[in-house]
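Structure first, commentary second.
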There are 2 protein chains.
Amino acid sequence: MHTVVPLQRATLTQTGLRTLVMRERSFAARKTLVDQARGEHLHLLVSGLAGRCHLLSDGRRQITGLILPGELCDLGAQVRPQVSASVVALSHCVLGEIPRSAVFESDRVRPACTQFVIAELARETTVTAEWLVSLGRRSAYERMAHLFCELWTRLHAIGMTDGMSFDLGMTQVDLADVLGMTSVHVSRVLKMLSKDGLLKFSARRATILDHDALCRAAAYEPAYLQAGLMQFA
Amino acid sequence: MHTVVPLQRATLTQTGLRTLVMRERSFAARKTLVDQARGEHLHLLVSGLAGRCHLLSDGRRQITGLILPGELCDLGAQVRPQVSASVVALSHCVLGEIPRSAVFESDRVRPACTQFVIAELARETTVTAEWLVSLGRRSAYERMAHLFCELWTRLHAIGMTDGMSFDLGMTQVDLADVLGMTSVHVSRVLKMLSKDGLLKFSARRATILDHDALCRAAAYEPAYLQAGLMQFA
DNA sequence: CGCTACGTTGAGTGGCATCAAGCGCGGTGG
DNA sequence: CCACCGCGCTTGATGCCACTCAACGTAGCG
């Protein structure tokens, strides 16, 4: 079907993924990028912002993870199929297709890729645990502050910040589904953050006005991210 | 320091872990089992119930994962150190020590163990994502119902249910920190569940009175667990 | 027997949801 | 060109779910 890409015994890295992309496809916001079914390809987010999306039968939606450029959309789905989560585009997205065989050999992870796969899963686990703390124990205000601290750290690590600003591309409705609140309340909390001089969010673009104060409001400790991100950079 | 246990080229399985335990230690409830520092051993929960515990500076606590007998406490910490989560005993616990070298070779996962490590991390991710949906989008009542559905499935899979009952060993305060609510409200919700004939919880023991109704109240779909659990059983 | 942890219950409060209306904007088609 | 519409955002009014505070009963335990 497709060419098997040799890995030349090199350890797979996050940046090295791009060389494995065989074909790129473009998606408008709100489109579904990956369903639960596992196909012939792994999907690398080349640009844009995507979200891991869980739907309840009555329409409630929770986004359980944000996928940034350079990350894989469906690594988890390869390892554990039949999980009812899909990946949706939160902004205009470009997706790169990587042949499954470049990372997997039958159902096993190729040895050259194991460290990478483990690191990716570990990073996802770490971020998700922090989100659990947010949803369980932080107020809407703290939660919002914490999310933007996290996003700045992650986007800065991949060179996608512009000073203290960055484009998100996602709407307030999407933010609400990340933070477990309603879009109405997202609007109000953003207004408070702006009034307090911490953060401005408008036209899908965020500007951090006072980074120290924002971190303090969120009780943000970026250590949890640096560990996972640096180990295999 | 300690003997290196040969793995005889066999794939590591969850049950196979027990043969690697070199020493067992006993802990009272509320004791800290594992700190973030990674030591010479991996810790297998032999019996009891443990929780992955995140503390905020003002005392708020969120438990981001429950560890059941047969699971490893600190696999994640081996892969990504310096994460500020500790593992605490929620009931009396017996912990088995497994030499790090049985699973890791310097900082790499031993090839014979990679599938197991990946499966464990993937299972953790799956459960955690479902908890995010609970905390973000389900009411306290639904959340509680969903947790007990999940626990019954997981405990049943390892033969630790007794009909429709099972011992948890954890208090309502612990339940509150799992579910992101106060212990006062836990008490009230449990009373409602009992009045509705779905679930009884007393003396740290749960009895599911109407499994179908409980699943319906929680909109519970056990598929997400079966995948992860069966793959390497 | 006092102490501490756990659980229950009541009264009052508040954070966030819900409902509803209105605005601005970009896209689309007549 | 403009009417129209859908979408995103904002704002106000109202209500409820869950928190807070507080008191008390109970059980296990040193």
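We name chains A, B, ... by the order of the sequence lines, and we start the count at 1 in each one.
In this structure, A:L190 atom CG and D:dG8 atom C1' are separated by 13 Å, rounded to whole Å. Atom NZ in B:K195 sits roughly 14 Å away from atom C1' in C:dT8 (whole-Å rounding). What separates CZ of A:R60 from C1' of C:dA17 is a distance of 12 Å, to the nearest Å. For the pair A:D177 CG and D:dG8 C1', the computed distance is 14 Å after rounding to whole Å. In this entry the distance linking CZ of B:R137 with P of C:dC16 reads 13 Å, nearest Å. Nucleotide D:dC16 holds its P atom 15 Å from the NE2 atom of B:H185, rounded to whole Å. As rounded to whole Å, 18 Å separates atom P of C:dG15 from atom CZ of A:R138. The CZ atom of B:R205 sits 16 Å away from the P atom of C:dG7 (whole-angstrom rounding).
Listed here is the closest heavy atom pair of B:T207 and B:S165: OG1-OG, 2.9 Å. Summarising the geometry of B:A206 relative to B:L199, their closest heavy-atom pair is CB-CD1, 4.4 Å, with the distance given to 0.1 Å.
Counting non-hydrogen atoms of other residues, nucleotides and ligands closer than 6.0 Å to NE2 of B:H156 gives a total of 12 or fewer. No more than 12 heavy atoms of other residues, nucleotides or ligands shown are found within 6.0 angstrom of CD on A:E221.
Summary of the strand contacts: A:R143 and B:R188 both lie near DNA chain C, and taking for each the nucleotide with the nearest heavy atom, the more 5' one is attributed to B:R188.
You won't find any donor-acceptor pair under 3.5 Å spanning the side chain of A:R204 and the base of D:dG8, going by distance alone.
Comparing D:dT11, D:dC21, D:dA18 against the side chain of A:S187 picks out D:dT11 as the nearest.
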A:W131/A:H146 under ring-ring contact (aromatic ring centres under 6.0 Å, His included): CA gap, chis, key distance, verdict: CA-CA 9 Å; A:W131 284 24; A:H146 198 277; 9.6 Å; no

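The shortest distance between the side-chain N/O atoms of A:Q172 and the OP1/OP2 oxygens of D:dT10 is below 4.0 Å. Distances shorter than 4.0 Å separate none of the side-chain N or O atoms of B:T182 from OP1 or OP2 on D:dA18. Under 4.0 angstrom from either OP1 or OP2 of C:dT4 there lies no side-chain N or O belonging to B:R30. At least one side-chain nitrogen or oxygen of A:K191 sits closer than 4.0 Å to the OP1 or OP2 atom of D:dT11.
If you check every strand for non-hydrogen atoms under 4.0 Å, B:S202 touches nothing. At the heavy-atom level, B:S183 lies nowhere under 4.0 Å from the strands shown. Counting any heavy atom pair closer than 4.0 Å across all strands shown, B:V184 reaches a base atom.
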